[in-house]
2 protein chains.
Amino acid sequence: MGKDLSYKDKKVITIGVVRDLTGLSERQIRYYEERKLIFPERSPGGSRKYSFADVELLMDIANKIEDGLQTHEIRKEMLREEKKQNQEDVRRKMIQGQLNAQFGIRKRQ
Amino acid sequence: MGKDLSYKDKKVITIGVVRDLTGLSERQIRYYEERKLIFPERSPGGSRKYSFADVELLMDIANKIEDGLQTHEIRKEMLREEKKQNQEDVRRKMIQGQLNAQFGIRKRQ
DNA sequence: CGTGTAAGGAATTCTGACACG
DNA sequence: CGTGTAAGGAATTCTGACACG
């Protein structure tokens, strides 16, 4: 429980570095946030912080934009995938619950 | 050949985030660099960029300082470990070379 | 719709130095 | 030796707006 996120998911990268890593403009990066495609954290002072996972997501988004998709379509795609992922999680947890009920609680290390 | 570094080794984190991640002061972080214990990259504008590996290294350094070690002792320790690591690498590569000579070049995927 | 840009301000980082010890 | 701090400046980031289309 409460496992600390791996490097990939830690939000530690500022927008300038993300710009360099992705090749996108800061304007584009902020705009995709405005359109609810990406969700950086904020420093106490208000600076955006991104993870490596965010960087990869941004490159996916950029590809889809190039393919002519609009941001709201990309958003719908993402929500669909998220939903599917949640369903898989639920199924996995239900099976785990069954196993625990049968054989007792055993924490995986 | 030329494999791109994993997340752990990419220098993308600014000093403020490193401060928050390690609990060290910016002064301390810069000082350990001055003492050649840590080697951040620089942005075009001159800002330091650290990797997650650097963050972990800084926490090791902090522990050793607390144990009363001086920076130059810590540096010697690190150089010793680095040397040992290099020797291991050489040995590994020599063995690989032998195998290639015997059985031909085969790239590991 | 998606992106560029100029504007003004605030947060962030930098260096070199003085201080304590 | 290791660290804190005030100082001044430069790089970085922020927001809201106008522009094009």
Side-chain angles (χ1 to χ4, degrees), chain A residues 10-52 54-79, chain B residues 10-80:
Chain A
K10 275 220 152 194
K11 308 252 182 178
V12 298
I13 312 178
T14 53
I15 196 166
V17 176
V18 174
R19 170 180 29 69
D20 296 342
L21 251 32
T22 61
L24 297 172
S25 68
E26 298 183 16
R27 181 66 163 102
Q28 288 173 305
I29 298 169
R30 294 199 191 96
Y31 179 67
Y32 300 151
E33 175 182 359
E34 186 182 321
R35 303 313 308 272
K36 302 267 171 49
L37 298 180
I38 191 93
F39 303 93
E41 291 182 356
R42 295 285 181 140
S43 79
S47 301
R48 273 166 266 248
K49 303 292 179 200
Y50 302 84
S51 66
F52 281 110
D54 290 334
V55 169
E56 296 193 355
L57 184 51
L58 280 167
M59 301 186 81
D60 286 347
I61 292 168
N63 284 332
K64 289 176 181 173
I65 293 277
E66 275 188 59
D67 291 348
L69 287 196
Q70 296 197 330
T71 54
H72 75 269
E73 300 174 301
I74 298 174
R75 180 160 156 72
K76 269 191 280 186
E77 267 191 27
M78 287 175 48
L79 290 175
Chain B
K10 274 220 152 195
K11 309 250 183 183
V12 297
I13 312 179
T14 53
I15 195 166
V17 176
V18 173
R19 169 179 31 70
D20 296 341
L21 251 31
T22 60
L24 297 172
S25 69
E26 296 181 20
R27 181 67 164 101
Q28 290 174 306
I29 298 168
R30 294 199 192 97
Y31 181 66
Y32 300 152
E33 175 182 359
E34 185 181 321
R35 303 313 310 273
K36 303 265 170 52
L37 299 180
I38 190 95
F39 304 92
E41 293 182 355
R42 297 282 182 142
S43 79
S47 303
R48 274 167 263 249
K49 302 293 178 197
Y50 302 85
S51 67
F52 281 110
D54 290 333
V55 169
E56 296 193 356
L57 184 51
L58 280 168
M59 302 186 81
D60 287 347
I61 293 168
N63 285 332
K64 290 176 181 171
I65 293 276
E66 275 187 60
D67 292 349
L69 288 195
Q70 295 196 332
T71 53
H72 75 269
E73 301 175 301
I74 298 174
R75 179 160 156 73
K76 269 191 282 186
E77 267 191 28
M78 286 174 48
L79 289 175
R80 240 181 287 130

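Order of the sequence lines fixes the chain letters, A, B, ..., with proteins taken first and strands second; residue numbering starts at 1 for each chain.
- Once rounded to the nearest 0.5 Å, the distance linking OH of A:Tyr31 with OG1 of A:Thr71 reads 4.5 Å.
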In sequence, state the C-alpha distance, the side-chain angles, and the governing distance for A:Arg42 and A:Lys49, and then conclude on side-chain contact (heavy atoms from CB on, under 4.5 Å). CA-CA 6 Å; A:Arg42 295 285 181 140; A:Lys49 303 292 179 200; over 6 Å; no

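- Scored by the salt bridge (Lys or Arg N to Asp or Glu O under 4.0 Å) test, B:Lys64 finds B:Glu77 as partners (sequence neighbours excluded).
- Per the geometry, CD belonging to A:Glu34 stands 12 Å off P belonging to D:dA17, to the nearest Å.
- Nearest-nucleotide assignment on DNA chain C puts the 5′-proximal partner with A:His72, out of A:His72 and B:Gly16.
- As a whole-Å value, the separation of B:Ile65 CD1 from D:dT3 C1' is 10 Å.
- Comparing C:dC18, C:dC14, D:dG2 by their nearest atom to the side chain of B:Gln70 picks out D:dG2.
- The phosphate of C:dT12 has neither OP1 nor OP2 within less than 4.0 Å of any side-chain N or O from A:Thr14.
- Going from atom CD1 of A:Ile61 over to atom C1' of C:dG2 covers 13 Å, rounded to whole Å.
- Between A:Asn63 atom CG and C:dG2 atom C1' there is a gap of 16 Å when expressed in whole angstrom units.
- Using a 4.0 Å cut-off, some side-chain N or O of A:Ser25 falls inside it from OP1 or OP2 of C:dG4.
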Before giving the answer on side-chain contact (heavy atoms from CB on, under 4.5 Å), spell out for A:Arg48 and A:Val18 the whole-Å C-alpha distance, their side-chain angles and the decisive distance to 0.1 Å. CA-CA 10 Å; A:Arg48 273 166 266 248; A:Val18 174; over 6 Å; no

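- Annotation for A:Ile29 and A:Leu24: closest pair CG1-CB, 4.0 Å, computed over non-hydrogen atoms.
- Within the structure, every side-chain polar atom (N or O) of B:Tyr31 is placed at least 4.0 Å from both OP1 and OP2 of D:dT3.
- Enclosure of atom NZ in B:Lys10 is not indicated, since only 12 or fewer non-hydrogen atoms of other residues, nucleotides or ligands lie within 6.0 angstrom.
- The side chain of B:Glu26 sits closest to C:dT13 out of C:dT3, C:dC18, C:dT13.
- Taking atom NZ of residue B:Lys64 and atom P of nucleotide D:dG2, one finds them 14 Å apart after rounding to whole Å.
- The nearest whole Å value for the distance from the CZ atom in A:Arg27 to the P atom in C:dA6 is 14 Å.
- Residues B:Gln70 and B:Glu73 approach most closely at N-OE1, 2.7 Å, considering heavy atoms.
- Heavy-atom distances under 4.0 Å link DNA chain C to B:Arg42, B:Gly46, B:Ser47, B:Arg48 of residues 38-50 of chain B, given in residue order.
- Nucleic acid contact for A:Arg35: sugar-phosphate only, since backbone atoms but no base atoms lie under 4.0 Å from a heavy atom of the residue.
- Stretches of at least 3 consecutive Watson-Crick or G-U wobble pairs, with each checked distance under 3.5 Å, appear in DNA chain D as C:2-5 with D:17-20, C:17-20 with D:2-5.
- Going from atom CD1 of A:Ile13 over to atom P of C:dT12 covers 17 Å, rounded to whole Å.
- The only option from B:Glu34, B:Glu33, B:Gln28, B:Glu26 that meets the side-chain hydrogen bond (donor to acceptor under 3.5 Å, both in side chains) definition with B:Arg30 turns out to be B:Glu26.
- Closest to the A:Arg30 side chain, of the nucleotides C:dC14, C:dT3, D:dT15, is D:dT15.
- Protein atom CG of B:Leu24 is 12 Å distant from nucleotide atom C1' of D:dG2, rounded to whole Å.
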Might you work through the side-chain contact (heavy atoms from CB on, under 4.5 Å) test for B:Thr14 and B:Val17, ending with a clear yes or no? CA-CA 6 Å; B:Thr14 53; B:Val17 176; 3.7 Å; yes

Please test B:Phe52 against A:Val12 for side-chain contact (heavy atoms from CB on, under 4.5 Å), starting from the C-alpha separation and ending with a verdict. CA-CA 10 Å; B:Phe52 281 110; A:Val12 298; 3.7 Å; yes

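- Contact check, B:Tyr32 against D:dT3: a side-chain N or O comes under 4.0 Å of OP1 or OP2.
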